[in-house]
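Just so we're clear, the structure is a prediction, and the values are computed from it rather than from any experiment. Naming: A, B, ... by sequence-line order, numbering from 1 per chain.
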Amino acid sequence: MQHVALADRPDELHDPQTFITKYVWSQDHKVIAIQYGSTAIFVGLIALVLSGLMRLQLGFPDTFDFIDPNSYLQFVTMHGMIMVIYLLTALLLGGFGNYLIPLMCGARDMVFPFMNMLSYWVYLLSVIILLASFFVPGGPTGAGWTLYPPQAILDGTPGYDWGIILMLVSLAVFIVAFTMGGLNYVTTVLQARTHGMTLMRMPLSVWGIFVATILGILAFPALLVSAIMMLLDKTLHTSFFMPAVVSLGENLSYEGGSPILFQHLFWFFGHPEVYIVALPAFGMVSDVLSVHARKNIFGYRMMVWAIVIIGALSFVVWAHHMYVSGMHPAFGFFFATTTLIIAVPTAIKVYNWVLTLWRGNIHLTVPMLFAIGFIFTFTHGGLTGLFLGNVTIDLPLSDTYFVVAHFHMVMGVSPIMVLFAAIYHWFPLMTGKMFDERLGKWHFWCTFLGTYAIYLPMHYLGFLGVPRRYFAMGTTDFIPESAQSLNAGITVAALLVGLSQLIFLYNIFKTLRSGEKSPRNPWGAASLEWQTADVPPHHGNWGKELPQVHRWAYDYSVPGAAEDFIPQNHPVTEDEQTEGH
Amino acid sequence: MSIETDKNATYTEPGVAGVVSDWAADKQAFDMPWGKLMMWIFLLSDTFIFSVFLTSYMTVRISATDAWPNASEVFALEIAGVHLPLLLIAIMTFILITSSGTMAMAVNCAYRGDKKKAVTFIVLTALFGASFVGMQAFEWTKLITEEGIRPWGNPLGAAQFGSSFFMITGFHGLHVTGGVIYLLWVARRVSTGYYDGKGLEIVEIAGLYWHFVDLVWVFIFAFFYLW
Ligand code: HEM
Ligand SMILES: [Cu+2]
C-alpha cells in the first residue's frame with residue numbers, strides 16, 4: 001500500500017502568502033536550508049577569526065597583550081567546537097541535507113515540514129546560547145573541545161563556571177535541533193522518493209547525507225547524556241565523572257566518579273561525528289566529480305556499500321582517541337585493528353574517485369577544482385591517520401601538532417573543500433545566477449595552496465614534539481629555535497588563507513546583487529534536482545506532477561545519446577534496452 | 001489525490017541481491033506511513049539515550065568508593081507495622097504495564113473505526129500514566145525527606161546511588177509526563193474529528209511511544225531495584 005506524504009496532500013501544502021511565512025517562519029526545505037547555511041557560515045567566520053587570533057599568538061609570542069594563556073585556551077575551545085558542530089554538521093546536514101534530499105529524491109518537501117522549521121529555530125537558539133558565553137563572567141569555557149572532566153568544571157580552567165554551563169546547554173539544545181531535522185532527512189529518504197527512484201538510483205550525495213544522519217541519530221545520544229551528567233556534576237555536585245579531588249589544598253566534595261567514563265562517552269559520539277561530516281562530503285564530492293568529468297561515477301554500488309560499511313564501523317573505533325588514557329593493551333589492540341579496517345572501504349572510495357577522473361572529459365571548473373583539491377587533502381589526512389591509528393606510533397605523537405595537522409587535513413580542510421565545491425556547484429540552482437569564475441579560481445588556489453603552507457609544516461612540528469593547546473612554547477631544550485620561525489611562517493599563511501575567504505564572500509554578494517543569469521543546467525547534470533519545473537525551484541518543487549525516474553543519476557557521455565548526459569527522468573530508449581541496460 | 005504504484009516493477013532476484021532490491025524499493029522502503037517510521041527511528045535514538053544512561057549508572061556503581069545502599073531496603077514501605085520491601089515500586093510497575101494493555105485496546109478500537117471507545121481507552125491510559133508519575137513524586141518525597149537521600153550524597157553510602165536514581169528515574173518520569181500530554185492531545189484531536197478521512201494511524205504511533213516508555217521502565221526497574 002502506498003502512503004501519502006504530508007507534502008503530497010494539497011490541503012497540507014500551504015502555499016506561503018506573506019513575506020514572513022515565505023522567508024522567516026518558512027516550512028519550505030529550500031528556505032530552511034538557506035537559513036541553516038547562512039547561520040552556519042556566520043558562526044564559522046567567528047571560528048575563523050578565533051583561529052587567526054591563535055595563530056597571531058603562536059607566530060609572534062609576546063606581541064599581543066589582549067591574548068593571555070586563558071583567552072588562548074578559550075579561543076582553542078570555541079574554535080574547535082564551532083567548526084566541528086555549529087559549522088560543519090549544521091551546514092552539511094541542516095544546509096545541504098535540507099536542500100538536496102527532497103530535490104534529489106523527487107519529493108515536494110521533507111515529510112514533516114513543521115518540525116523541519118522548528119529544527120532551524122532551535123539550532124539558532126543553540127548558537128545564541130553558545131555565543132552568549134563570550135559575554136558572561138569568566139568568558140567561554142577553555143576546556144578544549146573535548147571538555148574532559150575533571151578540569152572542565154574546576155577552578156583553574158577558564159570559564160569553569162558560566163562558560164562550561166552555557167556550552168553544555170548549547171550542545172544539548174543543538175542535539176534537540178539535530179534530532180528534529182535528522183528524523184525528517186532519514187524518513188524522507190526512506191519513504192518519500194518519487195516513482196522509479198529506488199534507493200540504488202539515488203545520487204551518492206543523498207546516500208552520504210542519509211547515512212551520516214543515521215550516525216548522528218545514534219551517536220548524539222552519548223553526547224547528550226554526558227552533557228547532562230556533567231551539568232549535574234557542575235551544578236548539583238554529583239560525582240558521575242568526578243573522583244576525589246584536592247584542589248588548591250582543599251578537599252572538594254567530589255568522590256568516586258569516573259573521568260574515563262566521560263572519555264568513552266565523548267568519543268563514542270566523537271568518532272562517528274568525524275564521519276557525520278565526512279560522509280556527506282564523500283557523497284557530494286562524488287557527484288561533483290562525476291558531473292564535471294562527464295563520466296559516470298566509478299563503482300556506484302561499491303561507493304554505496306563503502307558509505308554504509310564506514311558508517312557501521314565508525315561505532316567500534318572510538319577508543320583510538322584514548323590510547324594514552326591508560327587503558328588495557330588488549331583494548332588498544334582491538335581498537336587499532338578496527339581503525340585500520342576502516343581504511344579499506346575508505347581507500348576504495350579514493351580509488352574510485354580517481355578512476356572516475358581517469359579518461360574522463362575533465363572540465364576544470366571552480367567546483368571541480370575544489371573537488372580535486374579534496375582528493376589531495378583527504379588522502380593526505382587519511383595517510384597520517386594510519387600513523388595515529390597504531391598504538392605504538394600514536395603514543396609519542398599524541399597531543400602534538402602532528403595530531404593537529406592530521407585532523408585539520410582530514411576533517412577540517414577536506415569537508416571545507418567539498419563545501420566550497422558544493423556551494424559553487426549548486427549556487428546556480430539555488431539562486432539562478434552564475435558566480436564569477438575568475439574570482440572562484442583565485443579563491444581556490446589561495447585556499448588550497450595556503451592550506452598546505454599551514455599544515456605541512458605542522459607535521460614536522462609534531463615530530464619535534466611541539467605540544468598542542470599550548471599558549472607558547474617557552475624555552476624547551478628539545479625544540480630548536482627554528483621551530484619558532486616556522487610558526488611565524490604558518491601564521492602568515494593562515495592569515496592569508498583567512499583573508500582569501502573574503503574573495504568568496506565578495507563573489508557571493510556581488511553575484512547575488514548583480515550577477516548574470518545562469519543557464520538552466522549550466523553543468524549539464526543528470527540528477528533530478530536540475531530537472532525541476534523552474535530554476536530556482538519554487539515551493540513544492542515539481543509543479544503539478546512528480547517526476548518519473550527511469551535511470552540512475554550518472555548517465556554521462558552515453559554512446560549514441562543525443563547529448564552528453566541523460567537526465568534521470570528521461571525514459572530508457574529502445575536502443576539502450578537492447579544493449580542490456 | 002490518487003497514488004499510482006509502479007506496476008511494472010518486479011523484484012524477483014534470488015538471494016542477497018533480492019533482499020537488497022526489495023529494500024531499495026520504489027518510493028518507500030517500509031510499508032507504513034511516514035509518521036510511524038519516524039517514531040520508530042526516534043525510539044531507536046531514545047533507546048541509545050537510555051542505554052547510555054544505564055551503562056553510565058553501572059560504571060559509576062562499579063567506580064564508587066563507598067558501599068552501595070541495599071535497594072530493596074531503601075525502597076521499602078511500612079504499612080500498618082508490616083515491613084514490605086519494594087511494594088510501591090511493584091504497584092507502579094503493575095500500573096504502567098496495565099496502561100500498555102489499555103493502549104493496545106485503544107489502537108485496536110481506532111483501527112476498527114470505533115472513535116468513541118478509542119478516545120476512552122487513550123484517556124484511561126493517560127490516567128494510568130499520570131498516577132504513575134504521582135506515585136513517583138511520592139517516592140521521591142519519601143527518599144528526600146525521610147531517608148535524606150540527595151543527588152550529591154546520602155547517609156546510606158555511595159553518593160552515586162542518589163545521583164543516578166534521581167537522574168534516570170527523573171528522565172524516565174519526564175518521558176511519562178510528556179507521553180501523558182501527547183496522549184491527551186491525540187485523544188482531543190481524534191474526538192474533534194481532525195483525523196477523519198486521514199486514518200487513525202496516529203493512535204498506533206502514540207501507542208508505540210507509550211509501549212517504549214513502559215519497556216524502558218522494565219529495564220530501569222530491573223537494574224535499579226532488583227540489582
Ligand atoms: C584557516 C583555517 C584554520 C586554522 C588556521 C586553524 C588553526 C587552529 C589552531 C591554531 C588550533 C589550536 C592548536 C592548539 O593550540 O592546540 C586549532 C585547533 C582546532 N581546530 Fe582549527 N584551524 C582552522 C580550521 C579548522 C576547521 C575547518 C576545523 C573543522 C573541523 C577545525 C577544527 C579544529 C579543532 C577540532 C581543534 C582542536 C581544538 C582543541 O584542541 O580543543 N579547524 N585550529
Ligand atoms: Cu576517531
- request: Could I get the full list of salt bridge (charged side-chain N to carboxylate O under 4.0 Å, His left out) partners for A:E255, not counting sequence neighbours?
  value: none
- prompt: A:D233 versus chain B, heavy atoms under 4.5 Å apart: side chain, backbone, both or neither?
  reply: neither
task: Kindly compute the distance separating CD1 (B:I49) from CG (A:L224), expressed to the nearest 0.5 Å.
output: 5.0 Å
field: Spatial distance of atom CZ (B:F166) from atom CG (A:L232) [nearest 0.5 Å]
entry: 12.0 Å
message: Less than 4.5 Å to any heavy atom of chain B: does that hold for the side chain of A:F268, its backbone, both, or neither?
response: side chain
field: Rounded distance (nearest 0.5 Å) linking atom OG1 of A:T187 with atom CD1 of B:I41
entry: 4.0 Å
statement: The reported gap from CE in B:M32 to CG in A:L190 (rounded to nearest 0.5 angstrom) is 10.0 Å
- prompt: Nearest 0.5 Å, what's the CG-CH2 distance between A:L183 and B:W40?
  reply: 14.5 Å
- prompt: Where on A:I260 is there a heavy atom nearer than 4.5 Å to chain B: the side chain, the backbone, both, or neither?
  reply: neither
message: Please identify which of these residues, B:S164, B:S56, B:S63, meets the side-chain contact (heavy atoms from CB on, under 4.5 Å) condition with A:F240.
response: B:S164
- request: Please examine the side chains of B:F48 and A:V225, heavy atoms only from C-beta on, and report whether any two atoms are closer than 4.5 Å.
  value: no
task: Decide yes or no on side-chain contact (heavy atoms from CB on, under 4.5 Å) for B:M38 and A:N184, but give the supporting numbers first.
output: CA-CA 7 Å; B:M38 193 180 259; A:N184 254 315; 3.6 Å; yes
query: With distance as the sole test, does A:Q191 use its side chain to make a donor-acceptor pair with the main-chain N or O of B:P33 at under 3.5 Å?
result: no
- prompt: Of all residues at least two apart in sequence or in a different chain, which pass the side chain to side chain donor-acceptor pair (under 3.5 Å) check with A:T89?
  reply: A:E273
query: Non-hydrogen atoms of chain B under 4.5 Å away: do they reach the side chain of A:M115, the backbone, both or neither?
result: side chain
query: Are the side chains of B:Q160 and A:T238 in touch, meaning some heavy atoms are under 4.5 Å apart?
result: no
message: For a 4.5 angstrom cut-off between non-hydrogen side-chain atoms, does B:S45 reach A:P221?
response: yes
- request: Without swapping roles, check the side chain of B:T59 against the backbone of A:L261 for a donor-acceptor pair under 3.5 Å.
  value: no
- prompt: Is it the side chain or the backbone of A:I217 that comes within 4.5 Å of chain B heavy atoms, both, or neither?
  reply: both
